[in-house]
Asks: 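I'd like to ask you about the structure that follows.
Any value given below was found using the heavy atoms of this structure, including those in side chains, with hydrogens, waters and symmetry copies removed.
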Amino acid sequence: MADPKGFMTTPREEWPRRPVEERVRDWAEVYVPGALLPIISRQADRCMDCGIPFCHDACPLGNLIPEWNDLVSREDWRAAGDRLHATNNFPEFTGRLCPAPCEAGCVLAINQPAVTIKNVECAIADRAWEEGFAPPRPPDRLSGRTVAVIGSGPTGLAAAQQLTRAGHTVAVYERDDRIGGLLRYGIPSFKMEKRHLERRLEQMRAEGTRFRTSTVVGRDVGADELRARYDAVVVATGATAWRELPVAGRELAGIHQAMEYLPLSNRVGEGDLPVSPLSAAGKHVVIVGGGDTGADCLGTAVRDGAASVTQLDIYAQPGAERDEDIEPWPIYPKIYRLSAAHEEARDLVTAPAADADARLFAASTLHFIGDSSGHVRALQLMEVDTARRPQPGTERTLPADLVLLALGFSGPDRTDGLVDQLGLAMSPRGTIARDAGFTTNIPGVFAAGDAARGQSLIVWAIAEGRAVAAAVDRYLTGSSQLPAPISAYDRPMTA
C-alpha cells in the first residue's frame, strides 16, 4: 500500500473524454489521448489494499487488483503488466469495454467513489504494449495434440491463446472475413479502436495460433470432419440469435436488428464500403432496447448524422445512487449511468422528447406505422409500470425512418447446422448444455462463452475462455497447470 491515506486525500478522477463536438465528427476513441497517465498513479494510491479484496470476487477473472494498483502507484509498470496479464489475456479490451463490476465491489465504494480500477487496468495494458512488456509467448515444445476453436470472439481467442501457450496446435475458425467476432464487427471504434485487436492477433499468430476466416463450420466444413481432424473441439460461437419484437408492423422496411446495423458501420471503418447501406444520415432513428448494444447504436447514429435519435428502455429510470435494500454492496447495482454515447445525445439534444439524454424510460413499443410504400415512418409506444404493465392513456407516437432492435440474444445461431451436426444437447434457455467442466454430451467437444452461458459481459467471456482451456488441456493430457478462474455454473453476485 503505497499511500495509506490516499483514499482519504485524493478524490476520484476518471480518464477525461474529448469534447462532444469534436469526437462525434470522427470514429476515434472518445478519450483524450495521453490524458490517463498523468493521473493514474494518484488514482492507484486510492486503493486500500483490503484484507479481503471484494473486487476479486466481483471480477470473474480474479484480477489481482490491489497488487497491480500498488505497483502502478510505485510506477513499476513491468511488474504491474506481469500481474495483470497473469489473470487476463486481453486487459486492453476489458479496460475499454467492461462495465467494471470490480468497481462496484471495491470496499471503498461502501461510502465513497470507488477506485478507478478500469482506468488503471487500461493504463497498465497500454503501457505494457508501448514498453514491449507483452511479447509473444510461444510454447517451449509442442504436445502433438490439436484443438479446433469455433468462434473468434473474446472467449474463443482467450481459449486459443491459453491452449497454444500450453503447447497444443490450435486453429480458430471464424465465419466472418476477419477475426474478432463482436470485437470486430459489433463494437464501434469509438469505444475500442481496432488497432488494439490487430495488435493482439499479431501476438497470437507469433505464438503459433492459426486462424481460418470465412469458414462456416457446419456448412463450409462439416462438423464430423472437424471432429475427425482435431483431438478436441471448443464451440465458442457466441449468442448470435437475436431476440425479435413481435408487434404489428414489424414487416415494414426500415426496421433492422442492431447487429445488422453495427457490422455495416464497422465495415465502413475497415474500408470495405464507402457508406453503410443502413446509414442513419438524415433519418429519425428509434432504438428499441436500453442496454449497451442500444447505446452503441446511439453513438453510431449520432456520428452518421441522424436527424434525431431516441432510445427506448422498458425499465423505469434508475436512481443515481445504489438502493442498499435491493442491491446491497458489493453487488453491481442498476443505477443511472451516462455512457459516452448518452452524453453526446444529451449535449446535442438528439431526442427532444426524451426523459434523460436520448432515453425514454418505462416505454413499451405498441406497433409500427408505415407509409404507402411499406416503409416505417413512426413508432407508437405506451408507458409501463414497474411490473411492465401498460398504462392506458399514455400512448404517444415518435417519428421513425429507421428502427433498430437491440433486445439482446437468446443463444447460438443454429442456421449453420453446427449444433445439429454435432448432436449437441441444448438447455431449456436455448444455450448449449454442458457440465461443470465445460464438457458437452459429445466426447471431446466443449462449449464456452455466450453460446453456453448466455449473453454476458466481456470479463465473463474471457474467464470462460481461460477455464475451458484448462478443461481441454486436462482432457488431452490428463492434468493441467492452466488457471480455471470459474466453473461453468458460476454466476455474478446477486442479492
Side-chain angles (χ1 to χ4, degrees), residues 185-186 188 239-268 273-315 341 345 350-355 358-384 388-411 413-415 430 455:
Y185 289 127
T240 55
W242 50 57
R243 293 192 176 97
E244 262 298 344
L245 184 62
V247 301
R250 171 61 183 90
E251 75 284 355
L252 293 168
I255 303 173
H256 299 275
Q257 290 284 347
M259 289 311 298
E260 294 174 304
Y261 174 69
L262 291 172
L264 288 170
S265 177
N266 276 302
R267 286 192 176 279
V268 173
L273 300 168
V275 64
S276 169
L278 296 184
S279 173
K283 297 177 182 177
H284 296 288
V285 181
V286 177
I287 302 161
V288 183
D292 287 344
T293 301
D296 292 344
C297 291
L298 173 63
T300 301
V302 168
R303 284 163 177 76
D304 278 350
S308 70
V309 193
T310 306
Q311 184 180 9
L312 306 185
D313 191 332
I314 200 168
Y315 295 102
T350 71
D355 298 321
R359 286 173 279 191
L360 274 173
F361 290 95
S364 177
T365 303
L366 293 177
H367 63 267
F368 300 108
I369 302 168
D371 59 18
S372 58
S373 64
H375 197 286
V376 68
R377 287 293 176 251
L379 176 152
Q380 188 169 48
L381 61 88
M382 177 184 286
E383 293 180 16
V384 295
R388 297 165 67 174
R389 293 177 298 226
Q391 300 296 293
T394 62
E395 297 88 347
R396 61 196 299 185
T397 301
L398 297 177
D401 306 312
L402 174 63
V403 176
L404 302 173
L405 305 180
L407 301 170
F409 306 89
S410 59
D413 180 8
R414 298 183 63 172
T415 60
Q455 186 178 350

Asks: Could you go through residues 294-303 and list every donor-acceptor pair under 3.5 Å that involves a side-chain atom there, pairing it with any protein atom two or more places apart or in another chain?
Replies:
unit_1: D296; atom_1: OD1; unit_2: K191; atom_2: NZ; d: 3.0
unit_1: T300; atom_1: OG1; unit_2: D296; atom_2: O; d: 2.8
unit_1: R303; atom_1: NE; unit_2: D26; atom_2: O; d: 3.2
unit_1: R303; atom_1: NH1; unit_2: G299; atom_2: O; d: 3.0
unit_1: R303; atom_1: NH1; unit_2: E344; atom_2: OE1; d: 2.8
unit_1: R303; atom_1: NH2; unit_2: E344; atom_2: OE2; d: 2.9

Asks: What's the shortest heavy-atom distance between Y185 and M259, and which atoms?
Replies: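 Heavy-atom minimum between the residues: O-CE, 4.3 Å.
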
Asks: What residues, two or more places apart in sequence or in another chain, satisfy salt bridge (Lys or Arg N to Asp or Glu O under 4.0 Å) together with D401?
Replies: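 Partners of D401 by the salt bridge (Lys or Arg N to Asp or Glu O under 4.0 Å) criterion, ordered by chain and then number, come out as R377.
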
Asks: Let me see the working for V403 and H256 under side-chain contact (heavy atoms from CB on, under 4.5 Å), right down to the final yes or no.
Replies: CA-CA 6 Å; V403 176; H256 299 275; over 6 Å; no

Asks: List the atom of V376, the atom of A378, and the distance in Å for their closest heavy-atom pair.
Replies: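 Nearest heavy atoms, V376 then A378: CG2-O, 3.7 Å.
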
Asks: Here's a test for you: under side chain to side chain contact (heavy atoms under 4.5 Å, CB included), which of L404, T293, L405 qualifies with Y261?
Replies: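 Output: one option passes, namely L404.
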
Asks: Name all residues meeting the side-chain contact (heavy atoms from CB on, under 4.5 Å) criterion together with T240; count only those two or more places apart in sequence or in a different chain, and write none if there are none.
Replies: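 Only R175, D413 meet the side-chain contact (heavy atoms from CB on, under 4.5 Å) criterion with T240.
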
Asks: Would you be so kind as to tabulate the donor-acceptor pairs closer than 3.5 Å made by side chains of residues 273-288, with sequence neighbours excluded?
Replies:
unit_1: S276; atom_1: OG; unit_2: L278; atom_2: N; d: 3.1
unit_1: S279; atom_1: OG; unit_2: A281; atom_2: N; d: 3.2
unit_1: K283; atom_1: NZ; unit_2: S279; atom_2: O; d: 3.2
unit_1: H284; atom_1: ND1; unit_2: S308; atom_2: OG; d: 2.8

Asks: Provide the closest heavy-atom pair for G374 versus L252 in the form atom of the first, atom of the second, distance.
Replies: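 Closest heavy-atom pair between G374 and L252: O-CD2, 3.5 Å.
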
Asks: Would you check if the side chain of Q380 reaches a backbone N or O of F368 as a donor-acceptor pair within less than 3.5 Å?
Replies: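 Looks like no, no N/O pair under 3.5 Å.
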
Asks: Return the minimal non-hydrogen interatomic distance between V384 and S364, and the atom names on each side.
Replies: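 Closest heavy-atom pair between V384 and S364: CG1-CB, 3.6 Å.
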
Asks: Could you tell me which non-hydrogen atom of A351 sits nearest to which non-hydrogen atom of T310, and how far apart they are?
Replies: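 Reported closest heavy-atom pair: CB-OG1, 3.4 Å.
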
Asks: Passes side-chain contact (heavy atoms from CB on, under 4.5 Å), L366 versus V247? Steps please.
Replies: CA-CA 7 Å; L366 293 177; V247 301; over 6 Å; no

Asks: Quickly, which of I369, T397, L312 forms a side chain to side chain contact (heavy atoms under 4.5 Å, CB included) with L379? Name it, please.
Replies: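 With L379 as partner, I369, T397, L312 yield a single side chain to side chain contact (heavy atoms under 4.5 Å, CB included), made by L312.
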
Asks: Could you tell me which non-hydrogen atom of M382 sits nearest to which non-hydrogen atom of P390, and how far apart they are?
Replies: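 Residues M382 and P390, closest heavy atoms: SD-CB, 3.2 Å.
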
Asks: Using modelled atom types only, decide if a donor and an acceptor are shared between the side chain of R243 and the backbone of F409 within a distance under 3.5 Å.
Replies: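 Here the side-chain-to-backbone pair exists.
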
Asks: Not counting sequence neighbours, which residues clear salt bridge (Lys or Arg N to Asp or Glu O under 4.0 Å) with D313? List them please.
Replies: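 If we apply the salt bridge (Lys or Arg N to Asp or Glu O under 4.0 Å) test to D313, skipping adjacent residues, there are no hits.
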
Asks: Applying salt bridge (charged side-chain N to carboxylate O under 4.0 Å, His left out), which residue pairs with at least one partner in residues 247-261 are found, sequence neighbours left out?
Replies: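 Passing the test, one end in residues 247-261: E244-R250.
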
